[in-house]
Structures are given as structure tokens and as C-alpha cells.
Amino acid sequence: MKNYSSYLLLIWCTLVLCSCSQVPTNLYPIYKNGKYGYIDSLGNEVIKPQYLYASYFNEGIALIIVDTTCVILSDTLTSKKASSFINLLSEQKKIRYKYGYISLDNKLAIDTTLIYEFENIENDWNSIKELISKGKQLNLQWLSCSDDRILYQDSITKLFGYMNSKGETIITPQYKDGYQFTEGLAAVQVLNKGLRDSPKWGYIDINGNLVIESKYSSASTFRESKAIVEFREMKRRDDGKFSFTKSSIIINKSGKIIGTPFNMTTTIYPYNDGIACTYNHLGKLNLGYNFIDENGNYLIDGTLIDITRFGNGYAGVKIDSTNWVFVDKRIALVFITIEQPKLIRNIRV
């Protein structure tokens, strides 16, 4: 009996030790007392709030920001202040993130020495401060780990390349801009040799091979094997004046065009549940919304007041100033709702 009890005690101790040392499979960011930390799926605090900002985990690592500064305002979310001399330089209009990546056990996977810099456009700085101060997530998905590749910016050349989750450079910084990998491909802005030629967007694989020619004025990430790209062109007319044209195109992962090009008044959102949303506008003038199928064809004639993305086979459609309905992929009425869904223009797509 004594030996049997000892055996059970040994099993119990082993299980306790294993459970204590087990690294969680996923964690979720929280905001507490002005800092970000992480909880598990049961709400237990696993990583004490200690970071200026922390993202969701992707492929076992998460982005953490230790400082973010807007030089033009001599303003920072830490105690550091930009000098008056720096304010005289052209880089005063930049917003900078200093960041790195942690693993699920709160160890540094990539040191917090990375710098990401971008222009302060449309008062981005105030929006960033507000989001961080309220514990919300920043729109930084292009810096997340995907396909074991992470976009990063060289601190000297300001060009972009890709590293793996260990911080090892896989694709040398050489691009003007880039996005995260999705479905094995990443959109990158390739510099042209001619000084007068503007950089163009194309797509590379995880080894840096250019698999879709860099010829687009803009490009999205792939979703459901489709991406949205644009052509923009400025031409001098016979009368000496210039005309601007823009067209949006849906392509597959081979670069083949799906459907026909859309005119410059149409913005196409990425596919979701086999359907994409379109927003027709002339500047800020709203001309209505529509849906397109996987072949690039509109699902209805005319336009709608407002819509949501499709999910689980259904989407929301606004039918008047206050009422919404839900429709299926045949655009057949399913049921009416009095609660306003999230609008397509207000969510990240």
C-alpha cells in the first residue's frame, strides 16, 4: 500500500511540474494602469502589464513597442523629448516606433532595437496616442510574423527587407515599402533604376523571388487567393493639359486578371467569404456600395446605401436612414435587424 501511495504521489508531482512549466498556446493583450500585458484564455494574467504597446501573437511571437515619438511636435509617449535642433530637420515630420518581439513566455525573440518610421499624415500622431492611451490595437498588421517572415526597415537606408522569427535577415532590405506575407506572397514596392521612374508594386515569395511583376501603382495583400492592385497614369493631352487615370484590378496568385478593370471612382475591399465589397465615390462624395463575386461581377445593378462584409454566408445591407437587413449571397433577404452592424469603411479589411 505504501509503494502504491508513493507511486500516485510521484505522478501527481510530475503533472504539477508539467502544468507549471507549460507555455500557453496563445495569449491576449490587455491594458492596465497605462501599460500592455497579456492574459490567457481563462483571463489569468500571464505577462504583467509592462509595455508601452503590445500586439496579438502571430506564429508564437508578438510585437512590443518600447517608445514611439513624433519629432514634429517635440512630443513622445515616454519621457524623452526631441531637441529644438532636430525640429529644424526634414525628419521632424516623421513618426517613429522603437520595437521588438517577445515569445509566449515573455522572452525577447527579437531585441527592441528595430525602428519603423513613417510620415505623419492626417494627424496620425494624435490618433496613435489616443488608441494607445485607451488600450486599443494599432493598425500594424504588416509588421506581424507570417510564414516565418517579418517585414523590417533598415535604420540607415530606410529600405525594407524581411527577417525570420529569430531575427535573421532572409531577404536583404531593398524595397521602398512592403506588406506582411499572406498565402506565401508579399506585396513589395520595387525601386526602379531610372531616377524619373516611380517605384512599382509587385509580389515576392518567402525566398525573395519576384513572382508577380512590379508594375502596379498600389497593391494589397492576398486573401482567398486574390489581391487588389491599381494602375495610375498621368498623361499630357493634345491641348497641353494633364489628365489622370486610375483603374483597380483583381488578380490571382499567378498575376492573371480576374474580370474587367474597375474605374477610378471604385475602391475594392479584400475578399471575405468569397465576396468582395466595393465603394463608389468621387473624392469624399459617397456614390454607394456594391458586392462582387469571385469572378469580379457585380451582384446587383445600381448601388446600396451601406453594407458590411460577408461572413458565414451573410452580410448586412442598409435599406434606409435607420434600418438594416441581412442578405445571403443571392442578395435575398434573410431577416431585418434594428441594430446597426459595423460599417465596411470603419473596419480593417
Side-chain angles (χ1 to χ4, degrees), residues 29 34-36 51-56 62-102 108 110-146 149-163 167 169 171-181 186-192 195-201 214 217-221 230 232 348:
K35 297 292 182 180
Y36 283 77
Y51 300 112
L52 177 66
Y53 173 80
S55 74
Y56 284 95
L63 177 147
I64 55 166
I65 294 176
V66 295
D67 187 25
T68 178
T69 306
C70 183
V71 183
I72 190 173
L73 299 176
S74 297
D75 195 4
T76 174
L77 292 184
T78 64
S79 60
K80 185 176 65 176
K81 294 290 182 180
S83 69
S84 58
F85 172 73
I86 293 178
N87 284 339
L88 297 175
L89 302 180
S90 60
E91 63 181 7
Q92 65 183 351
K93 298 180 180 179
K94 302 286 186 179
I95 295 174
R96 294 191 188 96
Y97 292 129
K98 185 179 180 183
Y99 67 102
Y101 295 82
I102 58 170
L108 275 178
I110 300 174
D111 198 11
T112 54
T113 56
L114 296 172
I115 300 292
Y116 175 63
E117 184 178 273
F118 61 98
E119 296 285 343
N120 179 32
I121 302 174
E122 296 183 354
N123 211 16
D124 287 333
W125 177 241
N126 286 338
S127 298
I128 290 167
K129 289 195 296 182
E130 183 181 3
L131 286 171
I132 289 179
S133 67
K134 291 182 177 180
K136 296 184 178 181
Q137 287 288 299
L138 297 175
N139 191 8
L140 291 173
Q141 69 269 23
W142 55 85
L143 294 179
S144 62
C145 183
S146 179
R149 296 292 182 269
I150 304 170
L151 179 75
Y152 78 99
Q153 187 177 34
D154 185 272
S155 60
I156 298 175
T157 65
K158 307 301 180 185
L159 298 178
F160 289 87
Y162 293 85
M163 64 176 68
T169 295
I171 303 172
T172 304
Q174 58 191 283
Y175 307 112
K176 179 70 173 177
D177 204 351
Y179 290 126
Q180 79 274 23
F181 275 87
V188 291
Q189 193 176 26
V190 180
L191 292 168
N192 292 311
L195 294 177
R196 299 181 63 182
D197 295 331
S198 61
K200 298 295 183 182
W201 288 84
S214 55
S217 301
S218 68
S220 75
T221 56
E230 285 186 355
R232 299 172 191 161
R348 290 184 293 175

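Computed over heavy atoms, backbone and side chain alike; hydrogens, waters and symmetry mates excluded.
Going from atom CD of Q174 over to atom CG of L191 covers 9.0 Å, rounded to the nearest 0.5 Å. With rounding to the nearest 0.5 angstrom, the CG atom of D177 is 10.5 Å from the CG atom of L159. M163 contributes atom CE, which lies 11.5 Å from atom OG1 of T172 (distance to the nearest 0.5 angstrom). Rounded to the nearest 0.5 Å, atoms CD1 (I95) and NZ (K129) are 10.0 Å apart. Here the CZ-NZ distance, from F118 to K94, works out to 10.0 Å after rounding to the nearest 0.5 Å. To the nearest 0.5 angstrom, T69 atom OG1 is 5.5 Å from W125 atom CH2.
When side chains are defined from C-beta on, Y53 counts as touching L63, because their heavy atoms get closer than 4.5 Å. Looking at Q141 and S146, their side chains never come closer than 4.5 Å, going by heavy atoms from C-beta outward. Contact annotation: the side chain of I171 never approaches that of V188 to less than 4.5 Å [non-hydrogen atoms, C-beta and beyond]. Proximity of L151 to Q180: side-chain heavy atoms (C-beta onward) are nowhere separated by under 4.5 Å. Side-chain atoms of Q153 and P173, non-hydrogen and from C-beta on, never get closer than 4.5 Å to each other. Here the side chains of W142 and F160 are not in contact, with every heavy-atom distance at 4.5 Å or above.
Listed for the T68 side chain is a donor-acceptor partner under 3.5 Å among the backbone atoms of R96. A donor-acceptor pair under 3.5 Å links the side-chain atoms of Q137 to the main chain of A54, judged by distance alone.
Counted within 6.0 Å of NZ on K136, heavy atoms from surrounding residues, nucleotides or ligands total 12 or fewer; the atom is thus considered open.
For the side chain to side chain contact (heavy atoms under 4.5 Å, CB included) with Y97, the qualifying choice from D67, I65, L114 is I65, the only one to do so.
A donor atom on one side chain and an acceptor atom on the other are not found under 3.5 Å apart for Y56 and S144.
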With side-chain contact (heavy atoms from CB on, under 4.5 Å) as the test, would you mind laying out the steps for K200 and S198 before giving the verdict? CA-CA 6 Å; K200 298 295 183 182; S198 61; 3.7 Å; yes
Working for side-chain contact (heavy atoms from CB on, under 4.5 Å), residues L108 and I64: CA-CA 10 Å; L108 275 178; I64 55 166; 4.3 Å; yes
Let's go through Y99 and Y152 carefully: what are the C-alpha distance in whole Å and the side-chain angles of both, what is the deciding distance for side-chain contact (heavy atoms from CB on, under 4.5 Å) to 0.1 Å, and is it a yes or a no? CA-CA 10 Å; Y99 67 102; Y152 78 99; 4.3 Å; yes
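Within the 6.0 Å centre-distance limit, the rings of Y162 and F181 are counted as a close aromatic pair.
Between Y179 and W201, the ring planes lie parallel to each other; the angle is under 30°, not in the 30° to 60° tilted range.
Taking both residues in full, the closest heavy atoms of L52 and Y36 are given as O-CD1, 3.2 Å, listed atom of the first, atom of the second, then distance. The two residues A62 and S55 come nearest to each other via the heavy atoms CB-O, 3.7 Å. Taking every heavy atom of both residues into account, V190 and S214 meet most closely at CG2-CB, 3.7 Å.
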